[in-house]
Amino acid sequence: MPRLALYTFGVLKSPLAEPAPLTREFYDVGEAVYRKIGRHPGHLAHAEAADGDRGTLFGADWGAWGEFAVPTWYGKGRTRKTTALAATLSLWTGLRPAFDAVYTGVHRDALNRRYDWFERTEHPNHVFWWVPDGVTPTWRDGVSRLEHLHGHGSAPYAFAFHHPFAPDGTPTRNGTPTRNEDIGPKSDQVP
């Protein structure tokens, strides 16, 4: 049974190593959000550094999730002191559980404050795609899909909440095939 991969990416207003007060608040809130989402029904797994070091993204051992990668439009630092980004890579049983996890509870509260912490960009900040059972998506897969979404819009290869697709490539609404109806927010710009 196919599983749904989700890659999220956002550029923070200040580096994680020396955060401004609001970025520090994001980091503190993020811990609770990640714990809650990790227990959400339908969440299967998420990328974690094999050594457990959350402070290192570039150069960390991510195991089957592959080498850490970011979109070409990310122009801030890549060292432990200069990195100013937040990225996630996760697996879900389907779109409805992912939608419910993102748009309810503590994550919804965090979304309401996203522009306190993140820079506004014209780039999408999340992308979905279906992977076969037993396949672990990689960071590079996520970047490739996010960049494809930015350049071409939602398609079965890479899509957003606004225009989802079923594993067979048909447009869906709440997991049910439909013409071009959608689920979720009315913008592909929501993290």
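Because the structure is predicted, anything quoted here is derived from the model rather than measured.
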Report task. Go through the side-chain N and O atoms of Thr138 and Asp141 and say whether any donor and acceptor fall under 3.5 Å apart. Result ->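 Thr138 vs Asp141: donor-acceptor pair found between side chains.
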Between [X] and [Y], how do the two ring planes meet: parallel, tilted or perpendicular, split at 30° and 60°?
| X | Y | answer |
| --- | --- | --- |
| His152 | His148 | tilted |
| His123 | His150 | tilted |
| Phe26 | Phe118 | perpendicular |

Of the non-hydrogen atoms in [X] and [Y], which two are nearest, and what is the gap between them?
| X | Y | value |
| --- | --- | --- |
| Phe58 | Gly77 | CE1-O, 4.2 Å |
| Ser154 | Ala160 | OG-N, 3.2 Å |
| Leu89 | Trp65 | CD2-CE3, 3.4 Å |
| Gly169 | Pro156 | O-CG, 3.4 Å |
| Pro97 | Pro41 | CB-O, 3.3 Å |
| Val29 | Ala110 | CG1-CB, 4.3 Å |

Query - Enclosure of Arg108 CZ (heavy-atom neighbours >12, cutoff 6.0 Å) - result: no
**Report entry** Atom CD of Glu18: over 12 foreign heavy atoms under 6.0 Å
**Finding:**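 Result for CD/Glu18: open.
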Any [X] side-chain heavy atom under 4.5 Å of [Y] side chain:
| X | Y | value |
| --- | --- | --- |
| Val70 | Arg78 | yes |
| Tyr74 | Thr83 | yes |
| Phe99 | Trp92 | no |
| Pro2 | Val131 | no |
| Phe161 | Val127 | no |
| Phe165 | Leu95 | no |
| Thr82 | Pro15 | no |
| Trp73 | Glu147 | yes |

Between [atom1] on residue [X] and [atom2] on residue [Y], distance to nearest 0.5 Å:
| X | Y | atom1 | atom2 | answer |
| --- | --- | --- | --- | --- |
| Ile37 | Ser90 | CD1 | OG | 8.0 Å |
| Thr23 | Leu16 | OG1 | CG | 7.5 Å |
| Leu6 | His43 | CG | NE2 | 9.0 Å |
| His40 | Asp100 | NE2 | CG | 5.5 Å |
| Phe9 | Leu85 | CZ | CG | 5.0 Å |
| Asp109 | Lys36 | CG | NZ | 11.0 Å |

Query - Steps toward side-chain contact (heavy atoms from CB on, under 4.5 Å) verdict (Leu44, Arg3) - result: CA-CA 9 Å; Leu44 298 172; Arg3 299 169 302 156; 3.6 Å; yes
Requested in this report: Could you tell me whether Tyr7 and Phe128 have their ring centroids closer than 6.0 angstrom?
Outcome: no
Query raised in the report: Are the aromatic rings of Trp139 and Trp62 close, with centres under 6.0 Å apart?
Result: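 They qualify: ring centres under 6.0 Å apart.
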Query raised in the report: Are the side chain of Arg24 and the backbone N or O of Pro21 linked by a donor-acceptor pair below 3.5 Å?
Result: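 Not confirmed, Arg24 side chain does not pair with Pro21 backbone.
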Query raised in the report: Between Tyr157 and Arg145, is there a cation-pi geometry (under 6.0 Å to ring centre, at most 45° from the normal)?
Result: yes
Query - Trace of the side-chain contact (heavy atoms from CB on, under 4.5 Å) decision for Arg113 with Trp117 - result: CA-CA 7 Å; Arg113 303 233 12 246; Trp117 306 316; 3.7 Å; yes
**Report entry** Side-chain ion pair, Lys76 and Glu119, N-O less than 4.0 Å
**Finding:** yes
